[in-house]
Amino acid sequence: MTLDELIQRVEAARLRRSEHLIVQIVAVTKYTNDPEVLKRLFEDGQRAFGENRVQDMEGKVKALEELPIEWHFIGNLQKNKINKLLKLNPFMIQSINSYELAEAINKRTDKPIRCLIEINSSGEPTKHGMDPEIAVDTYLKIKENLPNINLQGVMTIGTHSDDEKAIRESFRKTYKIFEQLKPYGAKICSMGMSNDFEIAIEEGSNMIRIGRALIESYM
Ligand SMILES: *Cc1c(COP(=O)(O)O)cnc(C)c1O
């Protein structure tokens, strides 16, 4: 799907939720190492890109450094990669999955960085992200104690399933946490990928992360 085709589907889905909902698109780049692919996407108008490995992000950031791209880190961040990631000056880190990780990032930077907490909304043990039960408390604790972690909201990966109800349920659970955090400055609810972004938007997502379905058209 091209960016225009994606935007049309996003537009239809958001109107099913609310005419006031604005949905941002993050193009996930993990399926290509060819900067030309990303340049074509940029030329079509895409400005926010997401990557889930620090090493791969480094190569892409450097190859495209002349372009005004917003880089989002969306993967599992190992503590020994924090410095390397911070050097790339990411626009946002979407995958804060524990207080300890936030603490480690807070210590290694002296300027606030935008972050989302990642919630394991599916309960699948192989997935990263914090238990929904502790998400609100952890968010508030980070906000209170770690001045360099500029919390902006939540991120989740939906349940991996053919059962639309189960997928919807995981998004609904995340949206409820987002709502509880709105009074504390949460603005971003990042959920929805190639296979489930329309369901995510219907459940209130205002940031989708699209890889495969988008990148394929630009390869
Ligand atoms: C890969 C990935 C995506 C994009 O997934 P697609 O199914 O390729 O759209 C989104 N979010 C995260 C955290 C990912 O790792």
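Just so we're clear, the structure is a prediction, and the values are computed from it rather than from any experiment. Order of appearance sets the numbers: ligands from 1, and atoms from 1 within every ligand.
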**Q** Distance to 0.1 Å, residue and atom name: give those for the protein heavy atom nearest to atom 12 (C) of ligand 1.
**A** Ile74 CD1, 3.5 Å

**Q** Taking only non-hydrogen atoms of Tyr31, do any sit less than 4.0 angstrom from ligand 1?
**A** yes

**Q** Would you mind listing which atoms of ligand 1 come within a distance below 4.0 Å of any non-hydrogen atom of Ile157?
**A** 13 (C)

**Q** Is Glu58 salt-bridged to Lys62, going by a charged N under 4.0 Å from an acidic O?
**A** yes

**Q** Give a yes/no on ligand 1: does Asn195 have at least one heavy atom closer than 4.0 angstrom to it?
**A** no

**Q** Test of understanding: given a 4.0 Å heavy-atom threshold, classify the contact between Lys30 and ligand 1 as side chain, backbone, both, or neither.
**A** side chain

**Q** Within the supplied structure, the quantity of interest is the number of heavy atoms (other residues, nucleotides, ligands) at a distance under 6.0 Å from Asp162 CG; does it exceed 12?
**A** no

**Q** Under 3.5 Å, N or O to N or O, is Val28 touching ligand 1 that way?
**A** no

**Q** Using a distance-only test with no angle check, is there a side-chain donor-acceptor pair under 3.5 angstrom linking Lys111 and Asn89?
**A** yes

**Q** Show the atoms of ligand 1 that are less than 4.0 angstrom away from any heavy atom in Ile210.
**A** 9 (O)

**Q** Strictly by modelled atom types, are Glu118 and Asn120 linked by a side-chain donor-acceptor pair under 3.5 Å?
**A** no

**Q** When you check the gap from the basic side-chain N to the acidic O, do Lys30 and Glu51 get nearer than 4.0 Å?
**A** no

**Q** Does a sphere of radius 6.0 Å around NZ in Lys182 hold more than 12 heavy atoms from other residues, nucleotides or ligands, not counting ones at 6.0 Å or beyond?
**A** yes

**Q** Atom 11 (N) of ligand 1: which protein heavy atom is closest, and how many Å away?
**A** Arg209 NE, 2.8 Å

**Q** Any idea which atoms of ligand 1 are less than 4.0 Å away from a heavy-atom of Arg212?
**A** 6 (P), 8 (O), 9 (O)

**Q** Quick test of your reading of the model: are Arg17 and Glu202 salt-bridged, counting only N-O distances below 4.0 Å?
**A** no

**Q** Show me which atoms of ligand 1 lie under 4.0 Å from any heavy atom of Ser194.
**A** 6 (P), 7 (O), 8 (O), 9 (O)

**Q** Does Ile25 share a hydrophobic cluster with Ile199, counting links as ILVMFWY side-chain heavy atoms below 4.5 Å and allowing steps through other members?
**A** yes

**Q** Please state which protein non-hydrogen atom is closest to atom 3 (C) of ligand 1 and give its distance, to 0.1 Å?
**A** Met193 SD, 3.5 Å

**Q** Would you mind running through ligand 1 and noting each atom that sits below 4.0 Å from a heavy atom of Asn52?
**A** 15 (O)

